[in-house]
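Worth knowing before you read on, the calculation uses all heavy atoms, side chains too, and leaves out hydrogens, waters and symmetry mates. A quick note: this is a predicted structure, and the numbers were derived from the prediction, not measured.
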Amino acid sequence: MTELPVTREPGRILVGALPSAPEQTALVEARGALLAWDQLDRRAHPAADVWDPALAADWLWEVYGPDAAAAILDGADTAAAEWDSPVLAAARDLAHLHWAAAWWPASHAAAVPALPQGLLRAETAWRTAALDHLLDDEEAVERALAGVDLGALPTGGDLAAPVAALRERLADLAETYGVALRNAFSPKREDWALAAGGTAAEPPLASGAGPIDWAAVPPGLLDAAGEATWRLTQREGAWIVTVTAPAAPEARPADLTARFGAVEIPLRLDAGSGAFTGEATAGPDVALHLDGGVQVSAPWFALPTADAGEAERRAALIAFARGRLTAEDATLTERAAA
Amino acid sequence: MVHGLAASAAVPRGLLVADAWSQLGDAVAPLSNASGRPLARTVKLLLDPLVLRPAQNPRFSGGVVAIEHVDALRRAILDAGPALAATAAWFQLVKRARRRAGITEGHPQDLYFQRCFELAHLHGDPGALPDAAAIAAATVADVHAERGEVSVEGLRRFLTDPERTAELAGLLREAWADRPEAPAAGPDPGLAAFLADCAAAPDPRLWKALADTAVGTAEAAELDRVGVAAGYGLTARDRPAAPELGDRASKRDLPRPFDRSIMERLFAAFTTWFQREAMADIPSLVTGEIRRSAAPWQLAEEPSRVAMALGRDASAGLGADAAEPASDANARLLSRWRRESYVHRVMRLPREDGDEVRGTRRAYLRRLWARLHGRELRGEPTAADEVWDLLDGSLRSVVMDQRDRLRRRLERAGAPE
């Protein structure tokens, strides 16, 4: 049973509390309410931000059960949900897949494999379609199907049968929703850009390491358990800062930026070392900024934020993800990654 | 089967529909999703307009149904069971015919659901019919043939026919020369009153009164002042000016609505909406569009103009830093916008740049205009209880496009488009 406090504001009902940080939030946008599960506090029933009770009334009973839904809508200050249904299960799965697309902490260091992206999208489309009747976006299924590439689905292996079944269901959905599924297998890109700079063989005058703010970098690029390391060396009389950030498993090339004091260092994926790395010349006052450490971000993506509890949350999410790979209710995508 | 009806005086309509639907069994699976619920469009295009008909049966409308009408609602759906099962079977056949014909245009549910319901009434279950496949193929051909006549190519030929261009240009000149000076009115209190209730309990009398007293037309007067229409994103010019007839159009890089040529206006509606059978023939479409371009808000019907004025007021403050809501509708749109930035963070999408954010309200008013314009071309009236869907749906559509854009940016890893 899930006991949920219900609080009311004008035009809005809050059921439970939405998870405090984006990276632990598994979200479904339903008609009239956001449903959110907390990945670090797993419960059967989600928290909800009901922004249009009249719209949500149509389906809220499918998530919380008729009694709890009536309590939520009729003014009670707690609701006890004991309900289980295929719709609740599908919503929980979809929320989890949405979370995995954004925050799955793939890492060499922590032994969390990357998720097969093609399968993730396919499974997401399938779960989206199961909820077609309660999603806010009237074109959610069409949009999800448009992202599917049948050519990117794994073939063979232990999961050949369920993947084939998924493929068939998606083909049927595509016909019902009038979407032409892509079927263009594109092999992994091998033309990775070479990292700027050569092998920095000079002994560093100073070096250090620091955490990476993962909200400041796009998903799928950096090792979720990795730290950014920096080295300060002197070459031909100039100060050189070299920054390295370990890449996630199956990372794709992208432009990242490291900031070290006043120095901006462009980082490129180096296939050989499996890291984003780069170097830049620093001014003579660089030695004054050593304790500021290094911040890695993608300025086009987001600016770094300072968030105190981030490291513990990340460690917990890495442990959670590792557990998911062998979980009884693991998604097809997770089973394929394991 | 859904168990556990709450013992309260009213029951969620969705629960009753789900319960009755589940009793129809596998026969309606083609109209259902994997959870066994009717598809959203099954409700919108079949159950509501053809089976439950809440307009005629107010007891079946709204989010909850009074306990004394529960059985009647269930019976209405169960009685329609054979027709719905036949509709589902026809839908399967029609999809197969569509695949055979190599057709990819349009949304199969939008295009065929009601056709299949008609077939079900005309022929019953297709399983017993030897020529069912041929009927399905003929239906598909018919649906798409109707679309063939009013084609983009036909439109281009008409607009560029040298025998006609002088006449059409003359019509356009006259229409713009005769534009009445709109009386500059003060803000009409009816707009605010309608926005206060349109989401929860729209007032049909007030909606009619706003149109009858030409409030939308009066509110269009400001558009001729320097910068006003540009501020709403409807033109890039200081003031709206007469459009060109135009001889080309492409889906990419359409100008702002008031800057679109007659060709581009009709083209945009042709490619967005796959319901051309509801549209007039090309000559009347073109002359209608010429007249429309010179009308207040560049829309032909008063309810559309009222809707633009409502959208203008309801969207105040979208994309701005802090906004104090001026009405319930305004508060709801602002709250959708705030929710969106929360969703962006949870989905780990790239940040938007400032111009994108600040352009939200202009994008919103453009989208609303395009939707109203499309409704006019299809001859679809807008009832009081559809206005909020239109106002809110336009923002949802803008927001979803924005998300798609951010996702593409993510895939390109920040490289410029």
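- Between chain A and the options B/Arg345, B/Lys44, B/Gln92, B/Arg13, the largest number of non-hydrogen pairs under 4.5 Å is found for B/Arg345.
- Taken to the nearest 0.5 Å, the CZ atom of B/Arg41 stands 7.5 Å off from the CG atom of A/Asp132.
- Counting heavy atoms from C-beta outward, B/Val346 and A/Glu29 have side chains that stay 4.5 Å or more apart.
- Looking at heavy atoms from C-beta onward, A/Asp58 lies out of side-chain contact with B/Pro12 at the 4.5 angstrom threshold.
- Looking at A/Asp136 and B/Arg396, a side-chain N of the basic residue comes within less than 4.0 Å of a carboxylate O on the acidic one, giving a salt bridge.
- In this structure, the side chains of A/Thr176 and B/Pro108 stay at 4.5 Å or more apart for every pair of heavy atoms.
- Residues A/Trp51 and B/Arg336 meet the side-chain proximity criterion, which asks for heavy atoms closer than 4.5 Å.
- Here the CG-CG distance, from A/Asp52 to B/Asp392, works out to 8.0 Å after rounding to the nearest 0.5 Å.
- The closest side-chain heavy-atom distance from B/Arg348 to A/Glu23 is not below 4.5 Å.
- For A/Ala129, the part lying near chain B is the backbone, with the side chain staying farther off; criterion is any non-hydrogen pair under 4.5 Å.
- At a 4.5 Å heavy-atom cutoff, the contact between B/Arg339 and chain A is made by side-chain atoms alone.
- Side-chain contact between A/Leu34 and B/Tyr342 is present, with heavy atoms from C-beta onward closer than 4.5 Å.
- With respect to B/Arg100 and A/Glu175, no salt bridge is recorded, no charged nitrogen being found less than 4.0 Å from a carboxylate O.
- Remark: A/Arg143 CZ to B/Met400 CE distance equals 5.5 Å, nearest 0.5 Å.
- Looking at B/Phe91, only its side chain comes within 4.5 Å of chain A, counting heavy atoms on both sides.
- Contact annotation: the side chain of A/His133 never approaches that of B/Leu39 to less than 4.5 Å [non-hydrogen atoms, C-beta and beyond].
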